[in-house]
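See below for the structure under consideration.
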Amino acid sequence: MVTIAYLGPPGTFSEAAVRRLSPAPDEAVPTRSIPEALDAVRDGAVGAALVPLENSLEGSVPVTLDNLLGGPGLRVVGEVALPVTFALAGRGPLESVRTVASHPHALAQCRGFLRAKLPSASTVEVLSTAAAAQAVLDGTVDAAVCAPIAATALGIPLLAENIGDRPDTATRFVLVVPADTPPPAPTGNDVTSLAVYIAHDRVGALLSVLTELAVRGVNLTRIESRPTGERLGRYVFLLDCAGHVADSRMGEALLGLRRVCAEVRFLGSYPRDTDDPPVAAPAGLTDDDLHAAEDWLRGLRGGA
Ligand SMILES: O=C(O)C(=O)Cc1ccccc1
């Protein structure tokens, strides 16, 4: 039985994402914070953690990225893309709300509503959307931005529904396990996540990273930088590349990156949670083209 830690308490979007993996009820373990969920994997207290990584509107969840990069011993083996809709829950009426609590990412995605409808309310950042609903129940804040189900479970009235700045946002969660776990088998629609430390004293260092991928026909699906924390001007680049470490093209690209970067950390290869097919490799850059070229070279060298 693999137990999965998630950002609790029950009623968070993280719990909804965990349920998509269908663990038995006692196999999903709520934690107070995202670092606690990841540390529970490092300590061996649970077999895996499912943590939010990025949102289609607000971008990355820095605490997840920084914890994955800052600490050793973790690997990504899966993802869940979850549509999220936000409600305002609290004791009404709406005009009497003075304080609104939620997870920072949820508050950020409802900025338009909060500015328009509650311009003089103060926002209070808490560890999760369900913790915000609990704070309403405890009487420490007037309202929470949370999933409708979190409010209903606690018997808190909904003051407004679908309050996100866009109706169609999705959050991407990643399934994280101990680093000595081998990657799952390739499916043909996979993603490989890397942390790349460029050679800072080289002009064009980032361009050479992108070139190593492009010339091998590896499609970059996400790139962002985070400060390394060493000093101003030092960044690590987080790349998501379409493909699996077992694919020939990806292997070639990794060999290239290893040669031009100060450090390359492999964070994992795992199936994409999408119905969209992968972008096809350009002509001449498929794995078959690569194998044909390898055969040709072997022939030149007098091999079989
Ligand atoms: O607080 C939650 O419910 C979470 O799971 C984190 C989160 C917050 C906002 C959008 C998606 C996930």
Side-chain angles (χ1 to χ4, degrees), residues 4-23 27-41 46 48-68 76 78-90 99-114 123-138 140-141 143-154 156 158 160-176 222 224 273-274:
I4 307 175
Y6 69 91
L7 173 64
T12 56
F13 293 107
S14 300
E15 192 207 7
V18 166
R19 297 294 165 210
R20 291 263 303 267
L21 302 175
S22 2
E27 289 170 1
V29 181
T31 61
R32 279 189 67 249
S33 68
I34 293 170
E36 268 177 46
L38 294 171
D39 282 346
V41 180
V46 293
L50 189 73
V51 288
L53 185 75
E54 62 165 336
N55 179 274
S56 56
L57 184 62
E58 188 52 20
S60 67
V61 181
V63 65
T64 301
L65 288 181
D66 292 345
N67 193 290
L68 276 178
V76 182
E79 69 174 19
V80 172
L82 184 84
V84 287
T85 50
F86 301 101
L88 186 77
T99 47
V100 183
S102 200
H103 185 277
H105 247 245
L107 291 170
Q109 287 171 67
C110 301
R111 257 183 223 125
F113 171 88
L114 295 172
T123 52
V124 180
E125 295 191 353
V126 293
L127 288 168
S128 73
T129 53
Q134 184 61 49
V136 174
L137 202 66
D138 298 343
T140 47
V141 292
V145 172
C146 59
I149 195 171
T152 322
L154 296 178
I156 306 169
L158 296 182
E161 290 192 70
N162 292 319
I163 63 167
D165 292 346
R166 282 190 62 123
D168 49 1
T169 54
T171 297
R172 179 176 167 226
F173 295 80
V174 284
L175 184 65
V176 177
R222 171 170 158 256
E224 69 184 296
D273 182 19
T274 177

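It should be emphasised that the depicted structure is a prediction, and the values quoted were computed from it without experimental measurement. Counting from 1, the numbers follow the sequence of the chain as shown. We count ligands from 1, going down the list as the structure has it; atoms in each ligand are counted the same way.
In this structure the side chain of V76 never reaches within 4.5 angstrom of the side chain of L175, judged on heavy atoms.
With hydrogens left out, the protein atom closest to atom 6 (C) of ligand 1 is L7 CD2, 3.8 Å, a heavy atom. Looking only at protein heavy atoms, the nearest one to atom 3 (O) of ligand 1 is T129 OG1, 2.4 Å. Ranking protein heavy atoms by distance to atom 12 (C) of ligand 1, first place goes to F13 CB, 4.0 Å. Of the protein's non-hydrogen atoms, H103 ND1, 3.6 Å is the one closest to atom 8 (C) of ligand 1.
Residues E224 and S60 bring a donor and an acceptor atom of their side chains to less than 3.5 Å of each other.
In this structure, of S14, S128, P9, the residue bringing a heavy atom nearest to atom 5 (O) of ligand 1 is S14.
With values rounded to the nearest 0.5 angstrom, F13 atom CZ is found 4.5 Å from F86 atom CZ.
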Given salt bridge (Lys or Arg N to Asp or Glu O under 4.0 Å), test E58 with R111 step by step and report yes or no. CA-CA 11 Å; E58 188 52 20; R111 257 183 223 125; 3.4 Å; yes
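Salt bridge R172/D273: absent, no basic N to carboxylate O contact under 4.0 Å.
At a heavy-atom cutoff of 4.0 Å, ligand 1 is contacted by the side chain of T171 but not by its backbone.
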